[in-house]
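The structure appears right after this line, and notes come after that.
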Amino acid sequence: MISYEEAGRLLGLAAARDQRIVGDADILAWHSDLNAASVLFADADAALTRFYAVEMAGLEPEARRRVTTPDVIGIARKIRAERLANFVYDPPPGDDDPDYLARLRFQIAKTANGSTPALTERPALEGGPHPDVLKALAQVGRSTPDVGGEAPATEVRRAGPLGVCCPTCQAAIGRPCKIGGFDEKRPPRELRTPHAARTRVANGGPAQLESPAEIERRRAASLAKLQELAEREREASGE
């Protein structure tokens, strides 16, 4: 549990970074939210550091914002999950472990809390390669037959939005989308996520969404068709 004083310390650390004004209501809200989510003080402190030093540091100044309790809770849970990524149970000596479940829960809790350092390397896998891997390796170094009439590939094929040219910013295949560059004072900058039109094209959709007028025209045509079918059914039934 996070105490009221610890919630105040967390808000003080946040205020030192984003110059917010902290009151009693803020401390009470943070105390309630973090305890409802069972967040420990050490994890909340680490989440604050990651939010400002990593997540906000990677954004443009105008895109940055102040931390909230959902941010702290989400990042704290991510930190605990990362600590458990390579968790390996440490059994006691011998072949019998009557307290397996209790010991397992205890070790998981200590690792998630950071009390026990997490593994820095994944355990080595034992055994030979998968049969499919062996089959693929057998083809390495063999010449491929010449397929007549098949034109060579003229463009790079890549899964996802980066596998197509962007219809919005004209970014080439394999290159991230850009924004800006309309004048010398604002050079273009790369986007973390592709433009929506590029994603649609990569998924087999159109580059441009239908206009409201086109949507209304298609809706009216569908309605007219339904009315025509209903009229035919009434005529067929003799009504």
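This one's a predicted model, so the numbers in the text were calculated from it and none came from an experiment. Both backbone and side-chain heavy atoms feed into the values below; hydrogens, waters and symmetry mates do not.
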Measure across [X] and [Y] and return the closest heavy-atom pair with its distance rounded to 0.1 Å.
| X | Y | value |
| --- | --- | --- |
| Asp43 | Arg83 | OD1-NH1, 2.8 Å |
| Val164 | Val201 | CG2-CG1, 4.2 Å |
| Gly8 | Ile27 | N-CG2, 3.8 Å |
| Cys165 | Ala172 | SG-CA, 4.4 Å |
| Val22 | Ala15 | CG2-CB, 3.9 Å |
| Arg198 | Ala171 | NH1-CB, 3.7 Å |

Practice task
Verify, without hydrogens or angle tests, whether Asn35 (side chain) and Ile2 (backbone) share a donor-acceptor contact under 3.5 angstrom.
Solution key: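 Yes.
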
Handout entry: Asp24 vs Tyr4 side-chain heavy atoms within contact, under 4.5 Å
Key =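 Side-chain contact under 4.5 Å: yes.
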
Problem - Arg64 side chain reached by Asp18 side chain, heavy atoms, under 4.5 Å - result: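 Asp18 vs Arg64: side chains apart.
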
Handout entry: Residues Glu5, Arg9; criterion salt bridge (charged side-chain N to carboxylate O under 4.0 Å, His left out); working and verdict
Key = CA-CA 6 Å; Glu5 291 74 15; Arg9 287 175 58 189; over 6 Å; no

Practice task
List the steps, then state whether side-chain contact (heavy atoms from CB on, under 4.5 Å) holds for Ile75 with Val67.
Solution key: CA-CA 11 Å; Ile75 298 175; Val67 70; over 6 Å; no

Exercise for the section: Run the salt-bridge test on Glu231 and Arg234 with the 4.0 Å N-O cut-off and return the result as yes or no. Expected result: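 Salt bridge: yes.
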
Exercise for the section: Using a strict cut-off of less than 4.0 Å between a Lys/Arg side-chain nitrogen and an Asp/Glu carboxylate oxygen, indicate whether Asp26 and Arg20 qualify as a salt bridge. Expected result: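 Between Arg20 and Asp26 there is no salt bridge, as every charged N stays at least 4.0 Å from the carboxylate O atoms.
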
Exercise for the section: Identify, with sequence neighbours excluded, every residue that meets side-chain hydrogen bond (donor to acceptor under 3.5 Å, both in side chains) alongside Thr69. Expected result: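 Partners of Thr69 under the side-chain hydrogen bond (donor to acceptor under 3.5 Å, both in side chains) test: Asp33.
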
Exercise for the section: Go through the structure and list residues passing side-chain hydrogen bond (donor to acceptor under 3.5 Å, both in side chains) with Gln170, not counting sequence neighbours. Expected result: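 Partners of Gln170 by the side-chain hydrogen bond (donor to acceptor under 3.5 Å, both in side chains) criterion come out as none, since no residue qualifies.
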
Straight-line distance of [X] [atom1] to [Y] [atom2], nearest 0.5 Å:
| X | Y | atom1 | atom2 | answer |
| --- | --- | --- | --- | --- |
| Lys178 | Thr168 | NZ | OG1 | 15.0 Å |
| Leu48 | Leu13 | CG | CG | 6.5 Å |
| Ser38 | Ile73 | OG | CD1 | 9.5 Å |
| Leu162 | Ile173 | CG | CD1 | 10.0 Å |

Exercise for the section: Please report the C-alpha distance between Thr49 and Arg17 in whole Å, then the side-chain angles of each, then the deciding distance to 0.1 Å, and finally whether the side-chain contact (heavy atoms from CB on, under 4.5 Å) criterion is met. Expected result: CA-CA 10 Å; Thr49 300; Arg17 293 172 168 109; 3.5 Å; yes

Practice task
Check step by step if side-chain contact (heavy atoms from CB on, under 4.5 Å) holds for Glu6 and Trp30.
Solution key: CA-CA 10 Å; Glu6 288 175 332; Trp30 276 54; over 6 Å; no

Practice task
Not counting sequence neighbours, list each pair that qualifies as a salt bridge (Lys or Arg N to Asp or Glu O under 4.0 Å) and has a residue in residues 44-56.
Solution key: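 Every pair satisfying salt bridge (Lys or Arg N to Asp or Glu O under 4.0 Å) with a residue in residues 44-56: Arg50-Glu82.
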
Handout entry: Val72/Leu10 under side-chain contact (heavy atoms from CB on, under 4.5 Å): CA gap, chis, key distance, verdict
Key = CA-CA 10 Å; Val72 175; Leu10 291 171; 5.9 Å; no

